[in-house]
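This report refers to the structure that appears directly beneath it.
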Protein chains: 2
Amino acid sequence: MKTLGYAILGLLAQESLSGYDLTQLMKGRVGNFWSARHSQIYPELARLEDGGYVTHRVVEQRERPDKKVYEITAEGLSALREWVTQPPPPNVPRDELVLKAYSVWLADPEKAARLFREEALRHKEQLAHYEEMRTWMERERGEDVRRADSPWFAGYAALRRGIIYERGYEEWCNWVADQLEKYMHP
Amino acid sequence: MKTLGYAILGLLAQESLSGYDLTQLMKGRVGNFWSARHSQIYPELARLEDGGYVTHRVVEQRERPDKKVYEITAEGLSALREWVTQPPPPNVPRDELVLKAYSVWLADPEKAARLFREEALRHKEQLAHYEEMRTWMERERGEDVRRADSPWFAGYAALRRGIIYERGYEEWCNWVADQLEKYMHP
DNA sequence: ACCCGCATGTAAGTCGTTACATGATTCT
DNA sequence: AGAATCATGTAACGACTTACATGCGGGT
């Protein structure tokens, strides 16, 4: 099974969801380090069901289209449990901005500095958003967040990665901009 | 033109290189935030030449196969310069380990802690490697590293991103492992 | 009247990886 | 003798994105 399958199972392990629900979640929550569109999710759900990892029941709705609600099976759970502790293949992060930085010596320093300040801002905002979620979690779910067997702990752990990532990114962007500006007016 | 094209131009802007040379570089240097295999690089070089961004001359070698050495053209340079200051499309980093963290509440905490300690070690090693390069650059190229119009500055900037990234990653892995262990023997 | 949200799919196209293919020289 | 390095390409396959396709109900 591929990673996307486990991403879906990871969400279904917490609650039963429709393809549509999954699509919404995959641009937020986990989505900050993994994302997918509905065109990937629907076929993958079919494959997961084929493999016996999930089942679905049709929920009829008035005034809304019917939906298929997917539930993880025992086999799905144990496959997921197994996967979690397997070492992942080495990850080469792709980041276009770092690539741009690598050629920044060719650019107009003023334009470049502006770019990096803008990017810093973007990451500052994302960081603020994460910090808000963090505060909320600590206040409202302080108990669960400390229990290693609680989904809240896991969500909190993923969130912390996001916070560290964005903090570091913002810092770096500002450092690059600083250097460029120092060079312009020393 | 796609990102890979600019990655190649970025390297050729510093020195003329063969496809083979480029292949080697694309698993190191820039490669820490962008990588490619030779099967991608050779066709892309052909496309770049088609577009007038690079030219090549054949260098005959005794006791080695002949090679094509590629050089960036004036059009190539100006296209690269333009690209550098254009804001990149929003980046959704994909990271399987964070995904695993998200489902870690299901796993055996002992196994999971071991996994995160191992990953922490991996990033610690990568960090040490980066720090070494950094020290070397500051000592041997201290002058150039401060000039915003020097390729050394750009390389140093990209390196700093690597350092911050790895430092943050190691810290996070250890934090996750700490929490799991605290939960096992409080 | 039109757009948005809910809801589920398929098809075409792009980007990247793995594998196929070849061949000389140098190191072990 | 066999593996590793230099050197350049193509082909098959997989993952992901964008676009195509449909349809109802509610809000502006």
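Note on naming: letters A, B, ... go to the chains in the order of the sequence lines (proteins, then strands), and numbering restarts at 1 for each one. Computed from a predicted model, the values in this text were never measured in an experiment.
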Does the distance from a Lys or Arg side-chain N to an Asp or Glu carboxylate O, for [X] and [Y], drop under 4.0 Å?
X: B/Arg114; Y: B/Glu118; value: no
X: A/Glu44; Y: A/Lys2; value: yes
X: A/Glu125; Y: A/Arg122; value: no
X: A/Glu181; Y: A/Arg117; value: yes

Value in whole Å for how far the [atom2] atom of [N] lies from [atom1] of [X]:
X: B/Arg57; N: D/dA7; atom1: CZ; atom2: C1'; answer: 16 Å
X: A/Asn91; N: C/dT17; atom1: CG; atom2: C1'; answer: 15 Å
X: A/Arg47; N: D/dG14; atom1: CZ; atom2: P; answer: 11 Å
X: B/Leu22; N: D/dT8; atom1: CG; atom2: C1'; answer: 13 Å
X: B/Ile8; N: D/dT8; atom1: CD1; atom2: C1'; answer: 14 Å
X: A/Lys27; N: D/dC16; atom1: NZ; atom2: P; answer: 17 Å
X: B/Leu17; N: D/dC6; atom1: CG; atom2: P; answer: 14 Å
X: A/Lys2; N: D/dC16; atom1: NZ; atom2: P; answer: 7 Å

message = Under 4.0 Å from OP1 or OP2 of D/dC16: is there any side-chain N or O of B/Arg94 that close?
response = yes

query = Parallel, tilted or perpendicular for B/Tyr165 and B/His123, by the 30°/60° rule?
reply = perpendicular

remark   = Per-nt protein contacts along nucleotides 4-13 of chain C (heavy atom under 4.0 Å; B base, S backbone sugar-phosphate only, - none) come out as -BBBBBBB--

Pair listing, ring-ring contact (aromatic ring centres under 6.0 Å, His included) test, anchored in residues 74-114 of chain A, at least two apart = A/Tyr6-A/Trp83

